[in-house]
Every structure is written in structure tokens, then in C-alpha cells.
Amino acid sequence: CTLDLPGAALAQVQASLAPGADGRPQLQLQAARVTVPALGWKDVALSLSGTPQRAGANTWQLVGTLALAHAPGNALAGAQVSMLIDTDAGSLDLTLSQRDASLRALMPLDQPSHVQLSLKGLPLAWLQGVLANAWAAGRATGGTLDGEVALDIAPPGARISGRIGLSDGAFDSRSGTLAGQQLAARGTFHLDTTAPDARMDFDGALSGGQLLLGSLYAQLPKHSATLQFSASACARGISIAALHYEDGDALDVDGKLDFDAQQDLTAFDFTRLDARLPDAYTRYGSAWLATLGWKDLATAGRLSGSIGM
């Protein structure tokens, strides 16, 4: 049979409830194809088994295991699950854990399209489907997430916002011209994938790691550096506007960046730039200037102004 839920569809569903070896009822639920567009899931196989029992007059609890196959990032391939349904409170409380990762989801039963999520050690690769909805050429290759996130499913996409912390993050692009590794970040964000042009706002800080943005390469400082931006992505490319970056002892910059469909940097306009040398050159300028034929420069002093391409 098939089962249609807000923002999700399950096909070839089979379910059974029978006494287990200990006499308690055992629930078995399989779905050959699970599709959740907001998460980038398509034809994911699901297998859930557990023991349902009453936890109150109008409360049911299920403890068991969940296994997904073909999910982005191999997410939840062998997870422990604990689910509490309270019809008096009108709520569902779901906790999933696998190795060092855990995910808690709170959802009102009368509004299943809204989910409050608590993340702990969640592999960034598990969110590859969400990333692909926003940036089709992007690929999450490493790192873990912690934080509190609100998810509102609004087909064909979703609105996701909250406060997160990223540890040892890594990503790349199909062309290899946009990439990052060993990234640490914290801050608040809002991501909207409900329109053809996906949009993301971020207000927080980076600390450590390396970034490649076309011909621009950055060796980020270990201390916290302020980062704020608004970005949009579509088939035509990526535009990063309202960019503000502040690395206290090296570089302050305001401006925007544009990338084409091949993720090549086509334009940048830094309307305010304050560089303190030599740290600004070492961390941010040496790779770009080398492409212009200026290599291994000895720098000192301070440079302020604007620059564009």
C-alpha cells in the first residue's frame, strides 16, 4: 500500500503487529520507497521495528531500531529509536541515535509539517539532500553539527532556521572551484528552498579551516572571525551579497561575490576593505595575487579602500 503524509510519501508499505518471543507485541514496518523532497530523499528504503507500550492513559511509547537504505550520506543506516506519542498534549517526541550522533524531533500532531529539531554530533553528510536542494553542485564531505533548528516543510522545499555549531566541516563542488575543509562555525541561519532561487542568511563566526572561493583562497584564523551574509543560488549560479567579514588582526571587508553555473568566480565588489599586513596577505591575499603573477611578496603596513573585478 501507499501512505501520503504532509511533505512525505511512502510506497510499498508493509506493517505487522504480533507477539514477540517475550510475549510483548512487536511492530514491524517496512517501506520500499520513501520520498521526502524537503530532505532530498528519493526512493529511500525504511525498516522500523520496536515494542509499543502504553506510557499513560493516552500516551504510547515505541522503543526499537530504524534502518534506512539509499539515504543521502548513508544517514540512519542503523539507529536506535525512541518515540513517545501523547494524544492529550497533541505531540510526538522522537529521538534517534547512532554512534555519537543523536537527533531529537518534536512535532505537534495537528501540524506535522512543523518540526523542532535538536542536533548533537550529526554528520553533515546526512544533510546532503538538503544541501542539494539549495545548491545542486555542492557536496558535504565531512564535519558534524550541533544546535537547535526549526523545520517547516512547504513543498517543494522547506524553510529551516536556528542556531548551529559546525565542527571540522568540509564541502566541495562539482567543479572543484568552491571548497572548504576543517571548518568551524557557529551562528544563526535561515535557509529557504521553497522557491526556484534558494536563499540563505547567516550571522555568526568562523574559526579555523581553509576556504576556496574560485581564485580566492583563505587560511582562516584559529580565533573567531565575524561572518555575515545573504546568499542566493539557482541554476545560473550563486550570489553572495551583504557580505561582512571581520578578522580583527588581519582583514575587515564588506561587499559581494558572484559565481556562475560552473562555480567560477565571475565578479567581486568589496566596497570596504581594511587589510593589515602581513597577516592579511598571508591568510587571504597570497593565492589570488599569485594568479596575477605576484608571488612571494614581502608586505607590511595597512591598506584601506575598495576593490572590484
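Within a 6.0 Å radius of CH2 in Trp294, no more than 12 heavy atoms belonging to other residues, nucleotides or ligands are found. The 12-atom threshold is not exceeded at CD of Gln14, counting heavy atoms of other residues, nucleotides or ligands nearer than 6.0 Å. Within 6.0 Å of CG on Asp22 lie more than 12 heavy atoms contributed by other residues, nucleotides or ligands. The local environment of CZ in Arg54 is crowded, with over 12 non-hydrogen atoms from other residues, nucleotides or ligands closer than 6.0 Å.
The nearest pair of heavy atoms linking Thr193 to Ala134 is CG2-CB, 4.0 Å.
With values rounded to the nearest 0.5 angstrom, Met107 atom CE is found 10.5 Å from His114 atom NE2. To the nearest 0.5 Å, atom CG of residue Leu289 and atom OH of residue Tyr284 are 14.5 Å apart. Note: Leu277 CG to Thr282 OG1 = 8.5 Å, rounded to the nearest 0.5 Å.
Side-chain atoms of Ser175 come within 3.5 Å of backbone N or O of Gln262 as a donor-acceptor pair. Remark: side-chain polar atoms of Gln228 are not paired, donor with acceptor, to backbone N or O of His244 under 3.5 angstrom. Asn133 places a side-chain N or O within donor-acceptor distance of the main-chain N or O of Pro37, the cut-off being under 3.5 Å. Within the 3.5 Å criterion, the main-chain N or O of Asp274 finds no donor-acceptor partner in the side chain of Ser304. Remark: side-chain polar atoms of Thr35 are not paired, donor with acceptor, to backbone N or O of Ala9 under 3.5 angstrom.
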Mind running salt bridge (charged side-chain N to carboxylate O under 4.0 Å, His left out) on Lys256 and Asp269 for me, showing each step along the way?
CA-CA 5 Å; Lys256 63 179 181 179; Asp269 183 11; 5.1 Å; no
Could you walk me through whether Val149 and Ile164 satisfy the side-chain contact (heavy atoms from CB on, under 4.5 Å) test, starting with their C-alpha distance in whole Å, then the side-chain angles of each, then the deciding distance to 0.1 Å, before giving a yes or no?
CA-CA 8 Å; Val149 174; Ile164 56 168; 3.9 Å; yes
Carefully, step by step, assess Leu109 and Asp86 under the rule side-chain contact (heavy atoms from CB on, under 4.5 Å).
CA-CA 9 Å; Leu109 295 177; Asp86 187 337; over 6 Å; no
How far apart are the C-alpha atoms of Phe171 and Leu124, what are their side-chain angles, what is the distance that settles it, and do they pass the side-chain contact (heavy atoms from CB on, under 4.5 Å) test?
CA-CA 9 Å; Phe171 72 92; Leu124 186 62; 5.7 Å; no
In sequence, state the C-alpha distance, the side-chain angles, and the governing distance for Asp254 and Thr271, and then conclude on side-chain hydrogen bond (donor to acceptor under 3.5 Å, both in side chains).
CA-CA 6 Å; Asp254 293 323; Thr271 55; 5.6 Å; no
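Checked for salt-bridge contact, Asp247 and Arg283 meet the test: a charged N lies under 4.0 Å from a carboxylate O. A salt bridge is defined here as a Lys NZ or Arg NE, NH1 or NH2 lying under 4.0 Å from an Asp or Glu carboxylate O, and Arg33 with Asp43 meets this definition.
Evaluated for a side-chain contact (heavy atoms from CB on, under 4.5 Å) with Met83, the options Asp93, Leu94, Val63 yield exactly one hit, Leu94.
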